[in-house]
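Report on one structure; see the data block that follows.
Position 1 is the first residue of the sequence, and the numbers go up from there. Source: prediction; values computed, not measured.
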Amino acid sequence: MADTVREIERKYDIDDDAQLPDLAGIDRVATVVEAGVEDLDALYYDTTGHRLAADGITLRRRTGGRDAGWHLKLPVAPGVRDEVRAPLSDTPPPELTALVRSRVLDEEPAPVVRLRTTRTVRVLKDALGAPLAEVAVDAVRAQRAGESASKVEVPTGPVEARWREIEVELTGDGDTALLDEVGRALVEAGARPASAQSKLARALAETGQERDRPAPGGAGTGGRRANGSGKRGGKGKGAGKGKGAGKGKGVTAGDVVLRYVREQVRAIIELDPAVRRDLPDSVHQMRVATRRLRSAFRSYTKVLDRAATQPIGLELKWLAAELGVDRDREVLTARLRKALAGVPRTLLLGPVDARLRIWSERRRAGSRKEVLAVLDGPRYLSLLKTLHALLEEPPLRPAAGRPAPRVVSQAVLKDYRRLARRVEAALAAPAGRERDEALHGARKAAKRTRYAAEASRPALGRPAKKFARRIKRVQQLLGDHQDSVVAREALRELATQAHRAGEGGFTFGLLHGREEALAADRERELPGRWEKASRRKHRAAFRR
């Protein structure tokens, strides 16, 4: 079973003859305690193209020291990583390789570098003897793991490299302010902030194995430029956040749309291990990324060839639906628990809380298992491969080479007009199921319009941001209405189960009535909110 440890550290390069300065008296440090010397032997695994290293991920098998075993380090933020650990074995453990599947696809990670480190450890403690941080002075020897690890090309350069470095890692009650203070003391003594993000990155570079290959979905992965020049596409001049439409001058529609597509593909790849680890909100965020990507394919058909993107969109729809099993249960359970919390104790008749808990846990056990089966399945792997290939060779149409403002404006307005028709139809529909379905359709159209506007920001700037925000308010109102529809169905199911078990269904009926009233309120609010969002002046930036 794998365990996870949050690692917060800073790294520094030092000369061979450098000495560690006296760190006692820094911040809350009262004493510096010698913790001995460790001899560590680690074999690092990666793909032939070093996909893990490109994403700042390390997978290693290490012996020696206090934490011998398999370690997978996943970046969380600058200087922060989650280290997932598994017991020693001869081959990489499945529970760790599953977490990098979205990066390596069906390629088996193989040894690329062997690092042998002599580590001298000192523990920084406060006045009560509690540990705050560990300072490790490492003498590192890096060697290529063997030519078999480089099947594509034979690396050039030295086979071996040596260096010294310092790692300062928080433990116990330490905080980042302590890291800052220790870092300043080390720099004053001659240390330098590390030139590489990890030992692996430095070892690959210094043993001639560094690859000039951008990570999938990274800024450098753009495929052919929209103008057909054959040059690699990047973010493009002016593609940053702009305050006005003029900021998009010189940017092509292909630049803007591919940037948005890259962001969503990147999100799917990076969220895969988070979903597998069941981290909070990870399923929701991954589902949103699939929807945004699919929406971009549908909105920007003048930029991306629909013949190529439509099959991908269908697979993204499938993935979103599979992820939705778990996410919808999570959202619905939270809504019902919040509703129960608002019921006076005198109206809580029967074991309603226990009934809801049993109902939710049964659904969760099944949905969680299904999500993991999907992520381990061949269909999902095929989708990941397709997304990687899409970024390498995006199916651009002629309009992709045109100036971005006009092309993206037309796409957003087209989606807006579709949304307007659906809102009008929903407002005219008779109350009941027909109106509920019409409002749900309007909600999906609002989401698509919002995503299209968000994607257009590099070309249109702040007006696009404001327009997306107003459409989001409409979407949220329609979403609350749809959540009420789903909640009422669940409450009827709960009341039926309670009745069959000989329990009272009064409380569930009460909540059902409250959800009906809430839905009616949202329907009354919609005309006013839509009128504010659809004013002509808000669409001015898109009329070109």
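Using a cutoff of 4.0 Å between basic side-chain nitrogens and carboxylate oxygens, Asp46 and Arg51 are not scored as salt-bridged. Under the 4.0 Å criterion applied to side-chain N and carboxylate O atoms, Arg119 and Glu167 are assigned as salt-bridge partners. Using a 4.0 Å cut-off between charged side-chain N and carboxylate O, Glu315 and Arg379 make a salt bridge. A salt bridge links Lys385 with Asp106: the closest approach of a Lys/Arg side-chain nitrogen to an acidic carboxylate oxygen falls below 4.0 angstrom. Salt-bridge annotation for Asp376 and Arg276: present, with a side-chain N of the basic residue lying under 4.0 Å from a carboxylate O of the acidic one. By the 4.0 Å N-to-carboxylate-O rule, Arg81 lies too far from Glu83 to be salt-bridged with it. Arg103 has no carboxylate O lying under 4.0 Å from a charged side-chain N of Asp272, or vice versa, which leaves the two without a salt bridge. Look at Glu188 and Arg184 and you find no salt bridge, because none of the NZ, NE, NH1 or NH2 atoms lies under 4.0 Å from a carboxylate O.
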Can Leu20 and Leu186 be said to form a side-chain contact (heavy atoms from CB on, under 4.5 Å), step by step?
-> CA-CA 7 Å; Leu20 192 68; Leu186 293 176; 3.6 Å; yes
Full working for salt bridge (Lys or Arg N to Asp or Glu O under 4.0 Å) between Glu134 and Arg122 = CA-CA 6 Å; Glu134 285 189 358; Arg122 296 170 177 84; over 6 Å; no
Test salt bridge (Lys or Arg N to Asp or Glu O under 4.0 Å) on Arg277 and Asp82 and set out the steps.
-> CA-CA 11 Å; Arg277 296 167 61 201; Asp82 278 348; 2.9 Å; yes
Salt bridge (Lys or Arg N to Asp or Glu O under 4.0 Å) between Asp55 and Arg266, intermediate numbers included = CA-CA 11 Å; Asp55 277 355; Arg266 191 73 200 152; 2.4 Å; yes
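Taking the six-membered ring for Trp and the full ring otherwise, the centers of Tyr45 and Trp70 sit less than 6.0 Å from each other.
A donor and an acceptor atom, one from each side chain of Asp138 and Thr117, are nowhere located under 3.5 Å apart. Side-chain atoms of Thr207 and Gln143 include no donor-acceptor pair closer than 3.5 Å. Side-chain contact, His71 with Arg60: a donor N or O sits under 3.5 Å from an acceptor N or O. Arg292 and Tyr451 share no side-chain donor-acceptor pair at under 3.5 Å.
Glu38 pairs with exactly one of Arg116, Arg66, Arg62 by the salt bridge (Lys or Arg N to Asp or Glu O under 4.0 Å) rule, that one being Arg66.
Atom CD of Glu34 sits in a crowded spot, with more than 12 heavy atoms from other residues, nucleotides or ligands closer than 6.0 Å. At most 12 non-hydrogen atoms from other residues, nucleotides or ligands lie less than 6.0 angstrom from NZ of Lys472.
Minimum heavy-atom separation, Val140 to Lys199: CG2-CE, 3.8 Å.
Judged as a salt bridge (Lys or Arg N to Asp or Glu O under 4.0 Å), the pairs with a partner in residues 14-25 (not counting sequence neighbours) are, in order, Asp15-Arg192.
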